[in-house]
Every structure is written in structure tokens, then in C-alpha cells.
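Scroll down for the structure; my scribbles are underneath it.
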Amino acid sequence: MGPSLAPSTEADSAATADTPDAGNPGSRKAGFEVRLANFTGPFDLLLGLISKHKLDITEVALATVTDEFIKYIRRLQELGEDWALDEASEFLVIAATLLDLKAARLLPSGEVEDAEDIALLEARDLLFARLLQYKAFKQIAGIMGETLEQEARRYPRQVALEGHFAALLPELVWRHTPEQFAELAAKALKPKDAAPAEVGLDHLHAPPVSVKEQAEIMGYRLKLGAPLSFQTLIADADTTLVVVARFLALLEMFRDRVIAFEQPGPLAELTVRWTGADADWDSSSLSEEYEAGAESYGTVSEENGSE
Amino acid sequence: MSEQETVQDGLAELEALPGGARAALEAVLMVIDQPATSEELAAGLNVTVAVVEDLLQDLQREYSGYTVKAPDVDAVGFADASTAPRGFELRNVAGGWRIYSRSDFADIVGRFVLEGQTTRLTQAALETLAVIAYRQPVSRARVSAIRGVNVDSVVRTLTQRGLIEDSGNDPESGAVLYRTTSYFLERMGIGSVAELPQLSPHLPGLEGIEEYYDASRM
Amino acid sequence: MSEQETVQDGLAELEALPGGARAALEAVLMVIDQPATSEELAAGLNVTVAVVEDLLQDLQREYSGYTVKAPDVDAVGFADASTAPRGFELRNVAGGWRIYSRSDFADIVGRFVLEGQTTRLTQAALETLAVIAYRQPVSRARVSAIRGVNVDSVVRTLTQRGLIEDSGNDPESGAVLYRTTSYFLERMGIGSVAELPQLSPHLPGLEGIEEYYDASRM
């Protein structure tokens, strides 16, 4: 602690600035309402109903929700509301979870025949739990943020030891030669590569199917211009895993706003159309939920928030 | 000489000084730069933990504006200066005692103390911190799975800020596990992670999922 | 609005806080590390120097065991706690004010300080010292970024041990910069920092390391 004596307006504002309650989605979400054939109400309530099984996720036209949301955000921007971006990125996270959820629910759920089907069923429940958990942690994070801010208004006394006490300290034992010290410095200064999070075990159980790779294939086909049905897109898939990977890839691409879905009704044929203005889009912008390395999905939600 | 006697001598010695044991404790509180436990303070002052804890509570009350003798003060109809809150407070956080400036004066104190000022955490950092706090020890991959995004850079920032730390490796996967630090407790103003708000009220419609998802941890 | 009025407003504002202007001044004095002059304190509190000097003298007297209302206390024959000296004192050293532990308790404080002190630097302290030695002058935030952990307490230890010192503020960020001391050179057995061994033989592929850190400089 080496406090400076210079009065600082910057430090001052850091200590006093009020944040709009960044952690409480309830208070911020209040504005956005979803209007669907089978549901009208705030987005949060929609999530709540889905999580309580009172509304089947497969009955929710997510495209409609998204369209409405985009309209809502545009309106906010026109009104000069500066938290539109926050709300938009939060929506993306939640919508992505909903999409995953819907993806899992839409998968054929007939007889449980093999381990793959069981895995898919479990994945569906996990997604469910994840959605709930995510919401809970979001609320808790809001509470923690408020606590941290309140607590930051107290400054601990942590002054340097007074000279006469410092003089009492026993002489340091020092056994390093300059060379050993340099070695230590070299070690300490070496850039630290992020340690691998863990050793992946997935490949031991199933042949790897890369969502990213499938996204590239989907992207290539769709960029030709003509809308394609999902059936066409998976016609050459030789395993269920490839079908799943392609579907997830499409969801990811939808999240990247480069494609659009059309589906006249539940379980009707799903048509996919390229809408990306950016002809340069490639799969490297995909989330690393499936692939390690990229950062793109992270950036939207990582950098938004209260700053 | 028995230990009991030594301890008694310690107290007698302190009481002989101007201001007594209470002032001696105050003097020690002036030089600590991190929370000190009542055991550490008792050992340093050579008195029992019970004595130190009484003294700490006295001081805490006094700094907050109520002297132990408040009724007497009322009785003589004289509002002594010591019944007004002081500019600082004594708090028990992260398992130890430490003196802090009172939060009412944050704006003024902030003009003098530039460092130690922490910039506010982003929403992403807060959420990651929350997950780690409630799931510790936990790997980055697991936090990622819960938050649905890659958390590597946020975890790095939190580590640099001293809010979380490496707590060894998962015996199965070998993944680095993270836990919150005592500095985190200090910043939250709590004594231990057990004092964090309950998570369950924030989990809607949880029936069954809890056991399924994470029986051991909720 | 004249300057005089502004200053008066500052005082009224302080008096409205719990404990008033005196507590506000106390709050500042309790947490500053470097002694502050009455001018600096007056500027920070937004009151006149005369007001601050009155308050400082009040506090100094009170800490030493005499409240401003001591005669009243005598009159009612009641020795209030606040008339006993506190464990700390307010001293004016080299033109600046700061709160210190009271010298009567030097023995006790000294004993407390010595307890738990080791004569050896921890690995964390050594590595931090090494980073500072080779990157000086350098801010704590940058050392933190390089080491990937919070180094606040280690930097305090190294300062306390006289191995590093404050070398002014970064012109851009205002952060305190640290450099090694002549005591450090003495312990290393070298005449100047220039005599520290070159790093390159120990660090293959060092080229570009500067850019690496500067890019992510915080």
C-alpha cells in the first residue's frame, strides 16, 4: 500500500460513481415483453415458465422472440437508452441457452436404444440445470457486486511499519548469488502460457466430430445463396453425431447472425438461408463451447456489464 | 510459575501502562497490515484470548459511537465526545481484526488513498467469481460450463487481483482448481465463505435437478 | 460563489456526517501511509487550513488523554474512558501528520511484530523482488501482471525489509513505481543494478518479451 497524497478526481469518481444495478436482471428486463401466439409477457417470465415445464420450449418460436427483441433494442437505441447493449448481450446469452435447450428437445426422443441416445437425454437435462444455475449465479453475482462496492467504501489501515519497529526485524538470510538471482528473474519473467484446463477424455468414448468443421461445411453450402432444408443439409451425414454437430453448428451460426431459419410450424420442414452480410465469415468466430482456442463468443458477454 | 500466572502477569503489566490493556491492544492494531486473529493478538499481548476478545468488542463498540459507559454518560446529562462515532471502525473480517476508515467518509478518504482502489469488476468477472465462490475448489472448465463462455481471461484477471488462487490439481483430470482467497473474504467483509448468501433461493423450480446435477455441492 | 463560501460549504457538509469534521479527518489520518501536511488535509477535506489545524490539535490532545471537555469531566467527578490516553498518537513529523502507535507500547508492539517473522524471504517475495530488480522502476500492477498473482502484501514485506523503495509515480497512471535500494545491492554484493547478470542466457527466446508484456500492460 503506497497511498499517494495527490487528491484525485479520478479516484474520487471511482469511489462514488453509482452503477445502475448491473446484477439484477429482473429490474432491467422489465421493459422487454415477448408476444407469441401462446405467450405474452416479460422475457424473464418466459424463461421461468419454460424452466417450470409449464411451457414447452419446442412451442416457442425463438425467431419471433428474437425479432421482437431486436425491434425493442432498436427502439431503445432511438430513445438514446445507453443500456441497450447490456441488455442485448444478456439476451444473446439467454437466447443461446434457449436454443441449445430447444435443440435438445427437438432431437428424436423415441425409444432409448443406445448410449448415444442416453447421452443426449442427459445433455438435455444438463442444459436445463445449466439454464437455472446460470440465472441463480447471475443474481448472486449482482448481490456480490453490491457487497463489494459497499465494502470498497471502507479503507483498511495498512501503513508501513514504523522505522524503529522495522529496525527490530532480524537480519535477512540471503544466500543467492547474482547468477542464481538472475535465474530466478528469468523464471519469473517468462510469459506464462495458460495451463491446459484439463486433459480431454471425450475422444476416448466417441469419434470426434468437430462442430467447427461442420460449420465450415454448412457455411460453404449456404453461402452459395439458395435456401436449403435441414434435410438436405444432413443428407450426407453418416452418423447421428454428425447430424447433431451440424445442428449445433447451425445454432452457432444463427447466434453469429449469418443465417436465418424458417419453419412454418412445429416439426415442419426447417429451411436455412444465408443472411450474413459478411462474406468473410468463417467458423473461427464460433464459440469454444465445442472447440478450444477462440475467444469470440466470450467477447460479447465478457466485456459488457457494469463498466 | 504456571502458565495461568504468566498470563495474569501479562494483563497486570498492560494495565499498569497509561491507557491500560485496551490502549495496548490499540497500539498493536495500529501496526498490523492484515487482519490479525484474536489468538495472534492474545499471544502478542500475553493475555488470554477471552480477555482480548472482550477488549476488541469494547473498542469496536466505542469506535462505533457507544462507550461501555453510555448509561453513566446519560445519567450525568453530558454527551461526551466519545459517544460520537469515530472516523474509523474495528471489524472482524476474513477471520481477523483490523481497523478500517468508516464508510461514511469513503469519498474524502478516496482523495488521499489512490492505491488499493480497485476498479469495479465487470459483470463477467463477478459471475465467474460467484461460481468459483460457491463451487470451490473448481476447475476453469467447470466454471466455463456453468457460465456458458470461456472464462480463461477472466480467471487470470481474478487471480491477478488476488481474489482467487490456485488450490492444487484435480486428482482425476489434473485440471487446476481454483478457490477464493482470504483477500476475497476481506473485500466481501465476511469471515468465511459459509457467510455468503444462500444460493438455493435463487434457483427456481429446482426439484430433482439439484440431486441430479450436483448432489454433493449445492 | 467566492472561494470563502465554497470552503464554508465544505465544513457544513462534513459536519452533517456522523462524527462530523473531526471524524472525517480521523478517517483520513487512520489510513494514510505517508504523513500529510495540514494544507493537503485541508484541500482534501475542503475546509480552511485553520479549521484543519484546530481539529488536528483537538485530536492530538484527545488521543493523548485529555478531551477538550476535560474540565467538565472533572466537574462531574467522572473519569470518562476518553480521557485515558489511546494506544495511538497523532504526530507531526517533518511537517506532515500521521497516526502512530503510542511509544509507551513500543515494547509490546515490538514483541508482536517480531513474532512470526522469519529471517528468510518466501519464494513469492524472491520472485517479486527479481521482477522488480529487472524491470525497475515498475508499478505493483505490472509486477502483478507478470507474476499472475496479487503482489500487494509481498511488496509491503520487501519495502519493510528495505530491499525496495518508492521511486515516484508513473506520470500516466499515477501508480507508485518501485525500485531496488542500495541495501539490496549490498546484499547482492554488487555496486549497481547494471551489474546484475544479463537475463538472456537464462531465458531462451526472450526476444519480443517486452512487447508481450507491454501489449497487455495494465
Side-chain angles (χ1 to χ4, degrees), chain B residues 13-14 17-20 22-34 36 40-41 43-46 58 62 65 67-69 72-73 76-78 80-82 84-88 99-102 104-106 108-109 111-116 156 159-163 165-166 181 183, chain C residues 14 17-20 22-33 36 40-41 43-46 62 65 67-69 72-73 76 78 80-82 84-88 99-102 104-106 108-109 111-113 115-116 140 144-145 147-153 156 174-176 218:
Chain B
E13 192 191 313
L14 294 184
L17 292 167
R22 207 165 61 144
L25 175 58
E26 264 182 344
V28 168
L29 290 170
M30 284 304 119
V31 300
I32 59 176
D33 63 2
Q34 51 193 351
E40 284 164 347
L41 294 168
L45 292 170
N46 195 20
D58 273 9
E62 192 195 335
T67 68
V68 277
K69 297 187 175 170
D72 296 328
V73 172
V76 297
F78 164 61
D80 186 82
S82 65
R86 305 221 70 107
F88 48 88
I99 287 193
Y100 290 82
S101 66
R102 192 169 291 284
D104 301 303
F105 306 108
I108 297 157
V109 175
R111 287 174 211 155
F112 290 88
V113 184
L114 270 182
E115 296 213 27
R156 258 198 307 278
T159 311
Q160 262 174 42
R161 293 252 193 125
L163 292 164
E165 64 191 358
D166 190 326
T181 60
Y183 175 69
Chain C
L14 291 185
L17 292 169
R22 209 167 58 142
L25 178 58
E26 238 180 9
V28 172
L29 291 169
M30 202 38 101
V31 299
I32 55 171
D33 192 5
E40 285 165 337
L41 291 168
L45 290 169
N46 194 20
E62 190 196 336
T67 67
V68 278
K69 296 189 177 169
D72 295 329
V73 173
V76 296
F78 164 60
D80 187 80
S82 67
R86 307 223 67 109
F88 45 86
I99 288 177
Y100 295 88
S101 68
R102 181 170 295 284
D104 297 312
F105 302 102
I108 292 156
V109 173
R111 207 165 61 204
F112 180 84
V113 167
E115 215 159 296
R140 271 205 311 255
S144 242
R147 296 214 44 238
V149 292
N150 183 292
V151 295
D152 290 6
S153 84
R156 265 202 307 281
V176 176
M218 23 185 322

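Labels below follow one simple rule: chain letters A, B, ... track the order of the sequence lines, proteins then strands, and each chain is numbered from 1.
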Using every non-hydrogen atom in the two residues, find where [X] and [Y] come nearest and quote the distance to one decimal.
{"X": "C:A27", "Y": "B:G87", "value": "CB-O, 3.2 Å"}
{"X": "C:D104", "Y": "B:P18", "value": "OD2-CG, 3.5 Å"}
{"X": "B:V28", "Y": "C:V109", "value": "N-CG2, 4.1 Å"}

**Report entry** C:F105 and B:L14: CA distance, side-chain angles, deciding distance, side chain to side chain contact (heavy atoms under 4.5 Å, CB included) verdict
**Finding:** CA-CA 9 Å; C:F105 302 102; B:L14 294 184; 5.7 Å; no
Requested in this report: Take C:V149 and B:E165, measure what side chain to side chain contact (heavy atoms under 4.5 Å, CB included) needs, and give me the verdict at the end.
Outcome: CA-CA 8 Å; C:V149 292; B:E165 64 191 358; over 6 Å; no
Report task. Please lay out, stage by stage, how C:N150 and B:T181 fare under the test side chain to side chain contact (heavy atoms under 4.5 Å, CB included). Result -> CA-CA 11 Å; C:N150 183 292; B:T181 60; over 6 Å; no
**Report entry** Heavy-atom side-chain contact between B:M30 and C:M30 under 4.5 Å
**Finding:** yes
Query raised in the report: Taking the side chain as C-beta and beyond, is there a heavy-atom pair between C:F112 and B:I32 under 4.5 Å?
Result: yes
Query - side-chain hydrogen bond (donor to acceptor under 3.5 Å, both in side chains) partners of B:D33, counting only residues at least two apart - result: C:R156
**Report entry** Test log, rule side chain to side chain contact (heavy atoms under 4.5 Å, CB included), inputs B:N46 and C:R111
**Finding:** CA-CA 10 Å; B:N46 195 20; C:R111 207 165 61 204; 3.8 Å; yes
Quick check for you: to the nearest 0.5 Å, what is the distance between [X] atom [atom1] and [Y] atom [atom2]?
{"X": "B:L17", "Y": "C:I108", "atom1": "CG", "atom2": "CD1", "answer": "5.0 Å"}
{"X": "C:R102", "Y": "B:E26", "atom1": "CZ", "atom2": "CD", "answer": "9.5 Å"}
{"X": "C:R86", "Y": "B:R86", "atom1": "CZ", "atom2": "CZ", "answer": "5.0 Å"}

Query raised in the report: Where on B:L163 is there a heavy atom nearer than 4.5 Å to chain C: the side chain, the backbone, both, or neither?
Result: neither
Query raised in the report: Looking at C:L25, C:V151, C:L29, C:L45, which has the largest count of heavy-atom pairs under 4.5 Å with chain B?
Result: C:L45
**Report entry** Residues that B:F88 engages under ring pair (Phe, Tyr, Trp, His ring centres under 6.0 Å), provided they are two or more places apart
**Finding:** B:Y63, C:F88
